[in-house]
Amino acid sequence: MHDATVFKGNAVSPSRPALPPANASASRLLVNTGEDTFLQGLGLPQVERLSGLSPREFDERFFRPRVPVVLADAMESWPARTKWTLDYLKEKYGGDEVLATNRYYRGRRMSLAEYVDYVDTVPWELMAGLPREQLLYLRDWVFDDLHPELRDDFSTPPHFASDWIARGLGRFIGQKFCWIYIGPQGAVTPWHQDLMGTHAWLSQLVGRKEWLLTPPDREPQPLAAAIEGGDGETVLAEAARLQARHIVVVPGDIIFVPAHWWHTVTSLESTLSITVNYANASNIRSFAGHWWRLGLRRLKARITLSALPQAK
Ligand SMILES: O=C(O)CCC(=O)C(=O)O
Ligand SMILES: [Fe+2]
């Protein structure tokens with residue numbers, strides 16, 4: 001057990017344990033309070049972060065050319081902006097069963113209350129040398145069937161209003177494309193492209209997350225390897241070659257990720273965010289193609305299974 005009184009000086013809230021001070025043994029990608037991360041320190045090209053971006057300007061400068069951007073002031077009117085904290089969700093929905101998974105998407109089922117308590121203890125676990133790939137991340141709490149009232153606490157900014165999935169396609173194919181994410185400090189979503197050729201907008205409500213992105217035609221493995229190796233110059237060279245962009249999003253930010261952009265995301269402290277994936281005329285062909293192939297695969301699997309001789 002760690003002694004909370006040791007860290008009394010930087011207490012965050014009475015109910016929440018304070019973070020321990022930064023420590024050299026923590027990962028280079030990780031910070032505790034106020035310190036630059038390894039990537040921030042390098043001065044990589046940044047995703048633009050804009051206030052007052054009109055939907056029209058968004059369309060012209062970012063959506064059509066498929067360029068990521070951060071809207072810094074698009075959730076000012078949301079009740080969720082102030083209301084949603086980990087403690088609030090724990091209090092209201094602590095009894096929900098959730099699935100928290102590690103970096104390899106293997107995990108455990110537990111109650112939301114247990115998970116929030118776990119998130120609070122992770123900074124100490126990290127200090128004690130917990131391997132970061134084992135950190136449990138709640139990635140896919142599909143909340144809106146169980147708790148439709150949570151939808152009243154946020155709304156779709158007009159920039160992302162053309163969303164055929166939200167307007168019925170999602171219901172038709174029987175899949176949700178909106179999730180709440182809760183993660184401890186250090187939780188990682190590894191490099192990937194989003195499912196089925198969708199675009200995404202992700203809203204940061206609590207804590208900061210560090211993002212690194214590369215365009216669809218620039219596979220990020222060499223950059224990932226350079227970061228693993230930890231040599232700043234190599235990282236900068238690879239980032240330039242791959243046209244990578246970096247950003248640390250803070251509470252109040254919404255990041256737009258165009259279809260097929262590669263990205264990896266790390267929580268710099270306990271985080272809470274909402275992910276929405278969407279499709280419209282711009283990417284519906286690719287979305288439908290993915291959906292069709294997935295359907296065929298499932299059908300084939302079912303046919304193969306039913307063709308197997310039954311065990312006696
Ligand atoms: O916030 C994160 O950890 C990444 C989320 C993400 O990229 C996704 O949901 O596809
Ligand atoms: Fe993603």
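All values below were derived from every heavy atom in this structure, side-chain atoms included, with hydrogens, water molecules and symmetry-related copies excluded.
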Any sub-3.5 Å donor-acceptor pair from [X]'s side-chain atoms to [Y]'s backbone N or O?
{"X": "N280", "Y": "D163", "value": "no"}
{"X": "Y115", "Y": "L138", "value": "yes"}
{"X": "Q204", "Y": "G207", "value": "yes"}
{"X": "E114", "Y": "S111", "value": "yes"}
{"X": "N277", "Y": "A200", "value": "no"}
{"X": "E269", "Y": "R208", "value": "yes"}
{"X": "Q40", "Y": "L42", "value": "no"}
{"X": "N102", "Y": "L135", "value": "no"}

Taking the side chain as C-beta and beyond, is there a heavy-atom pair between [X] and [Y] under 4.5 Å?
{"X": "F160", "Y": "I254", "result": "yes"}
{"X": "S162", "Y": "W164", "result": "yes"}
{"X": "D96", "Y": "L146", "result": "yes"}
{"X": "L205", "Y": "P251", "result": "no"}
{"X": "L89", "Y": "W141", "result": "yes"}
{"X": "D117", "Y": "V119", "result": "no"}

Minimum-distance pair of heavy atoms, taken over all atoms of [X] and [Y]:
{"X": "V276", "Y": "C178", "answer": "CG2-SG, 3.9 Å"}
{"X": "P220", "Y": "L242", "answer": "CA-CD1, 4.2 Å"}
{"X": "Y118", "Y": "P184", "answer": "CE2-CG, 4.3 Å"}
{"X": "K90", "Y": "A113", "answer": "CG-CA, 3.9 Å"}
{"X": "A100", "Y": "M110", "answer": "CB-CE, 4.0 Å"}
{"X": "S273", "Y": "S203", "answer": "CB-O, 2.9 Å"}

Do [X] and [Y] share a hydrophobic cluster (ILVMFWY, side-chain heavy atoms under 4.5 Å, transitive)?
{"X": "L86", "Y": "L136", "answer": "yes"}
{"X": "W201", "Y": "V249", "answer": "no"}
{"X": "Y181", "Y": "L99", "answer": "no"}
{"X": "L272", "Y": "Y93", "answer": "yes"}
{"X": "V250", "Y": "M75", "answer": "no"}

Under 3.5 Å, is there a donor on one side chain and an acceptor on the other for [X] and [Y]?
{"X": "T37", "Y": "E210", "value": "yes"}
{"X": "D194", "Y": "H263", "value": "yes"}
{"X": "D153", "Y": "W78", "value": "no"}
{"X": "T101", "Y": "R139", "value": "yes"}
{"X": "T266", "Y": "K209", "value": "no"}
{"X": "T85", "Y": "D87", "value": "no"}

Q) Salt bridge or not for R56 and E60, using N-O below 4.0 Å? A) yes
Using the side chain to side chain contact (heavy atoms under 4.5 Å, CB included) criterion, which residues pair with [X]? Sequence neighbours excluded.
{"X": "R285", "answer": "none"}
{"X": "S77", "answer": "none"}
{"X": "P216", "answer": "H260, W261"}

Q) Quick one: side-chain hydrogen bond (donor to acceptor under 3.5 Å, both in side chains) pairs with a partner in residues 211-222, sequence neighbours left out? A) none
**Q.** Step-by-step ring pair (Phe, Tyr, Trp, His ring centres under 6.0 Å) determination, F256 to H159
**A.** CA-CA 10 Å; F256 164 65; H159 311 70; 9.9 Å; no
Q) Once the angle between the rings of F177 and W179 is folded into 0 to 90°, is it parallel (under 30°), tilted (30 to 60°) or perpendicular (over 60°)? A) perpendicular
**Q.** Listed partners of E149 passing salt bridge (charged side-chain N to carboxylate O under 4.0 Å, His left out), at least two apart
**A.** none
Q.
Holding to salt bridge (charged side-chain N to carboxylate O under 4.0 Å, His left out), I want the full list of residues that pass it with E48, two or more places apart in sequence or in another chain.
A. R61
Q.
Taking the six-membered ring of Y137 as reference, does the cationic atom of R103 (NZ for Lys, CZ for Arg) lie under 6.0 Å from its centre and within 45° of its axis?
A. no
Q. When Q46 is tested against each of V70, I247, V248 for side-chain contact (heavy atoms from CB on, under 4.5 Å), which residue passes?
A. I247
Q. Is it the case that more than 12 heavy atoms not belonging to E233 sit under 6.0 Å from its CD atom?
A. no
(Q) Can you tell me if E57 has over 12 outside heavy atoms packed within less than 6.0 Å of its CD? (A) yes
